[in-house]
2 protein chains.
Amino acid sequence: MARVAGQIDVAKNEAILDAAVDVWAERGVQAPMEEIARRAGVSKQTIYNHYGCKADLVQALCARRVHEIVAPLEAPGAIEQPAQALAAFGRVLLTALLTPRYTTLLRTAMANVATMPEVARALYEAGPRASRRGLATFLETETAAGRLACPDPVEAAEFFAGMVISSRQTAYLLGVPLGLTDADIDRIAREAATRFMRAYAV
Amino acid sequence: MARVAGQIDVAKNEAILDAAVDVWAERGVQAPMEEIARRAGVSKQTIYNHYGCKADLVQALCARRVHEIVAPLEAPGAIEQPAQALAAFGRVLLTALLTPRYTTLLRTAMANVATMPEVARALYEAGPRASRRGLATFLETETAAGRLACPDPVEAAEFFAGMVISSRQTAYLLGVPLGLTDADIDRIAREAATRFMRAYAV
DNA sequence: TCAAATTTGGACCCGTCGGTCCATCCCTTA
DNA sequence: TAAGGGATGGACCGACGGGTCCAAATTTGA
């Protein structure tokens, strides 16, 4: 196990984070730390060496993991026809959203808004907020290029993302299985893109 | 305090439910039962007389309160121009969604998916599912009447509801204050309706 | 190979909270 | 006014889980 001098074991740290997501996904945040330790193949004490208390673990987990999940949304990709670009964005968005890990993160953060609002806030900024902003920029460019007519790109971005996601995120958060296949996701994203293009045609 | 013979005190029961929402809103579901009792001006024992255990209280609360909140969505209202009807629906939807009580309910249910999936399920059915179904029916009628062209009314309903809600629900659940005024809500609903009409024009 | 730093596991402390018990009280009804 | 059913509140129990402590084992850097 590679350990950095004077530092904390990196691999073990990852294992702890992974175990935490899994455990919380299965049993909720109120699951005992001991379980996370067991799952991570680590002693409880080690966790407390890395993170002072449970709240810190929650915080660290949210901070670290959001980025992994939302990263694909930031990759701009080749500039294609707006409809294709939108569809692609929709696909990525929906896929990311329905990730069990992201769901767990959200649930965890939501359950703790009262006790640690900053975590929830950070998750919002890194997630929905950032992705909408990226989309809005794209729509603005397209409008400037005369391929779309979005007088209010931010609002339009909200609209499009909303169409793609709609009640699906809530369903997922409430543990209702939707059973969406990749083909379904693709169809939804494409249809949303088509309709959006009609709504905002020049 | 009006009490029905041989029954349980109705007013006190309401008070308990009210207190539970408030307390959970402030401190999360893990807040102690004692606090709810205190807030309701009732003894802890009384709560346990009404509901056998905490889980039952959660369940009862979710079951009872959703209906109150989603009720306005079920009132069909006078049949107007589709654009107006959609805007009205959007307004009601957004307003209901941003209700602190509904937010609390959702958070509560989400935090407990692992331990009591039926509650979460019920909330989903009574909330998002039901409202979408109502909207879909409306869109179907309008399509039949030749005022709209929605080949897939259910999907279209998802799209419209999604446009209106978009990331706002997530924001709310994550405790991010949006500060939407009635005027804002109205504007969003109307704009969404307009765009939707363009997207699904005959 | 040695010393320093970490890890381990397992006992342990303690606060909290769900839930129970019970003697007393209040209200309603007859 | 007597009786009965629920309400009260406050003490109480037991489980659980966060967090600590510690001695022994292990790893790491030099």
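Predicted model, so just to flag it, every value in this text is computed and none were measured.
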(message) Under the ring-ring contact (aromatic ring centres under 6.0 Å, His included) definition, can you give me all pairs with a residue in residues 149-174 of chain A, not counting sequence neighbours?
(response) A:F160-A:F196
(request) Could you tell me, to 10°, how much the axis swings from one end of the helix from C:dT1-D:dA30 to C:dA30-D:dT1 to the other, five pairs per end? (result) 30°
Using atom types as modelled, flag every donor-acceptor pair under 3.5 Å from a side chain in residues 20-31 of chain B to any protein atom, sequence neighbours excluded.
from	atom 1	to	atom 2	distance (Å)
B:E26	OE1	B:R39	NH2	3.2
B:E26	OE2	B:R39	NH1	3.1
B:R27	NH1	B:E35	OE1	2.8
B:Q30	NE2	B:R27	O	3.4

(request) For C:dT8, take OP1 and OP2 only and decide whether either is under 4.0 Å from a side-chain N or O of A:T46. (result) yes
(message) My understanding is that only residues two or more places apart in sequence, or in another chain, count here; which of them pass salt bridge (Lys or Arg N to Asp or Glu O under 4.0 Å) with A:R107?
(response) none
(request) Verify, without hydrogens or angle tests, whether A:D186 (side chain) and A:D182 (backbone) share a donor-acceptor contact under 3.5 angstrom. (result) no
Please list, for nucleotides 22-25 of chain C, all pairs of protein and nucleotide N/O atoms separated by less than 3.5 Å.
from	atom 1	to	atom 2	distance (Å)
C:dC22	N4	B:Q45	NE2	3.3

(request) Can you measure from CG (A:L178) to CG (A:D184) and round to the nearest 0.5 angstrom? (result) 9.0 Å
(request) Would you indicate which nucleotide in D:dT8, D:dG18, C:dT8 comes nearest to any side-chain atom of A:P32? (result) D:dG18
(message) Taking 4.0 Å as the cut-off, does a side-chain nitrogen or oxygen of B:H50 come that near to OP1 or OP2 on D:dA7?
(response) yes
(request) Taking only heavy atoms on the protein side, list every residue of residues 52-61 of chain B lying under 4.0 Å from any atom of DNA chain C, sorted numerically. (result) B:C53, B:K54
(request) Name the residue closer to the 5' end of DNA chain D, choosing between B:S43 and A:R27 according to the nucleotide with the nearest heavy atom. (result) B:S43
